[in-house]
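Presented below is the structure to which this report refers.
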There are 2 protein chains.
Amino acid sequence: MDETGFATHDHSGCIEAGLARAGRICAAAGARLTPLRRQVLEILLAEHRALGAYEVLEHLRQNGHPAQPPVAYRALDFLVRHGLAHRIERLNAFVACSHSGRDHAPVFLICRACGAVAEAGWQPGAGQIGAAARAHGFRVEAVVAEALGTCPNCRAAAP
Amino acid sequence: MDETGFATHDHSGCIEAGLARAGRICAAAGARLTPLRRQVLEILLAEHRALGAYEVLEHLRQNGHPAQPPVAYRALDFLVRHGLAHRIERLNAFVACSHSGRDHAPVFLICRACGAVAEAGWQPGAGQIGAAARAHGFRVEAVVAEALGTCPNCRAAAP
DNA sequence: TGATAAAGGGTTATATTATAACATATCAAG
DNA sequence: CTTGATATGTTATAATATAACCCTTTATCA
Ligand SMILES: [Zn+2]
Ligand SMILES: [Zn+2]
Ligand SMILES: [Zn+2]
Ligand SMILES: [Zn+2]
């Protein structure tokens, strides 16, 4: 699957492909993609934006699955641990991963206007952050990189 | 003032210099560094790590200034708006700025073991994030870059 | 100067995000 | 089946953050 970025596209394909890929990843990892976890992933895949845990919970309830907060947090934690979703720190929210299965460090492009999130891959060790870490004798284990701005669709709508 | 990074140093100098610099910056900007705001900045400057708003509040109270949460949040918001402190999204916490006065985009190196935070400057537009944004037609307005890992001191202590 | 507007701070209450703790259910082996 | 491990259900509560209101201080200007 290619970068969808902010371009319009056949979105039902995103959902199906994402679920199928998640199934393969979990099978390969010996992890259990239970109906609940699969449903939460489907909720995230249904949008190219980040959802708060309580938004996910609300979707679950609307889908006929009444649940309490820990249910949503645990499912989201599973998805994040297995690389099927990411947590966006800036938003206290979660987004389905666009590159699941590939070992990658994500950088998120978050549109202030419409909330859309695009995920780009990068090499944290290669660029300026890696250089800064080496200069400080710091060993990097994980990087959060989140850019806020405006996506091309929103700039076209209100330039 | 130079990068202190994770190196040991005369820390009382950090506090005095930081307060003096903040005074100059606020005077130049026509902003009011009131006693409360100055006290909160001093609390942050006293540590090279990020403090949660409620930790700041606790320090305020111990310093003989009983206060409610909005007091801490408003002072922290002032400091962040004027570039005297930064919010670390990953930690829901705040840290005194090491580069205040200079126009800069910060990248934070956060030690998992001891909580120390070093702040390095970078050029978000120049590297991979800028390239990714351009490739997506995305206009970047602000970047959060936070690296978690281990600082040289902690690696020396427990390699 | 005194009136008035603007900004800061004090306080209460409440919203939002997240987790601890424990009970029950389901699953995988042996 | 039994048993240990994993997953889910549920209650309560912790941790983080803000809305709204009121009063005081500071700045502006007639
Ligand atoms: Zn899509
Ligand atoms: Zn947009
Ligand atoms: Zn210092
Ligand atoms: Zn350390």
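Looking at B:V140 and B:P124, their side chains never come closer than 4.5 Å, going by heavy atoms from C-beta outward. Looking at B:S12 and B:D10, their side chains come closer than 4.5 Å, going by heavy atoms from C-beta outward.
Rounding to the nearest 0.5 Å places SG of A:C14 at 12.0 Å from CD of A:E47. Going from atom CD of B:E42 over to atom CD of B:E16 covers 9.5 Å, rounded to the nearest 0.5 Å. Annotation: the span from A:R49 atom CZ to A:C114 atom SG amounts to 10.0 Å, rounded to 0.5 Å. Here the straight-line distance linking atom CG of B:N63 with atom CD of B:E58 works out to 10.0 Å at 0.5 Å rounding.
The distance from atom CG of B:L57 to atom P of D:dA17 is 12 Å, rounded to the nearest whole Å. For the pair A:Q39 CD and D:dT8 C1', the computed distance is 13 Å after rounding to whole Å. In this structure, B:E55 atom CD and D:dA17 atom C1' are separated by 15 Å, rounded to whole Å. Atom-to-atom, CG of B:N92 to P of D:dA14 comes out at 18 Å; the value is rounded to the nearest Å. Separating the CG atom of B:L36 from the C1' atom of D:dT24 is a distance of 14 Å, rounded to the nearest angstrom. Separating the CG atom of B:L76 from the P atom of D:dT16 is a distance of 13 Å, rounded to the nearest angstrom. Between A:H65 atom NE2 and D:dA7 atom P there is a gap of 15 Å when expressed in whole angstrom units. A:L60 has its CG atom 13 Å from the C1' atom of D:dG9, to the nearest Å.
Bracketed by its first and final contacts, the part of DNA chain C lying under 4.0 Å from non-hydrogen atoms of chain A reaches from C:dT17 to C:dC27 in 5' to 3' order.
Of the residues near DNA chain C, B:Q68 and B:F78, the one whose nearest nucleotide (by heavy atom distance) lies more toward the 5' end is B:F78. For the pair A:A75 and A:P69, both in contact range of DNA chain D, the more 5′-proximal nearest nucleotide belongs to A:A75. Of the two residues contacting DNA chain C, namely A:G52 and B:A67, the nearest-nucleotide position lying further toward the 5' end is that of B:A67.
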For residues 80-90 of chain B, tabulate all N or O donor-acceptor pairs below 3.5 Å that involve a side-chain atom, not counting sequence neighbours.
unit_1	atom_1	unit_2	atom_2	d
B:R81	NH1	B:D77	OD2	2.5
B:H82	ND1	B:F78	O	3.0
B:H86	NE2	B:H104	NE2	3.2
B:H86	NE2	B:E119	OE2	3.0
B:R87	NE	B:E89	OE1	3.3
B:R87	NE	B:E89	OE2	3.4
B:R87	NH2	B:N92	OD1	3.0

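The C1' atoms of five pairs define one axis at each end of the helix from C:dT1-D:dA30 to C:dG30-D:dC1, and these two axes lie 30° apart (to 10°).
Taking the six-membered ring where tryptophan is involved, the planes of A:F138 and B:F6 are essentially parallel, since the angle between them stays under 30° and well short of 60°.
The 12-atom threshold is exceeded at CD of B:E141, counting heavy atoms of other residues, nucleotides or ligands nearer than 6.0 Å.
Heavy atoms of B:R74 sit under 4.0 angstrom from at least one base atom.
The side chain of B:Y54 contributes no N or O atom lying less than 4.0 Å from OP1 or OP2 of D:dT16.
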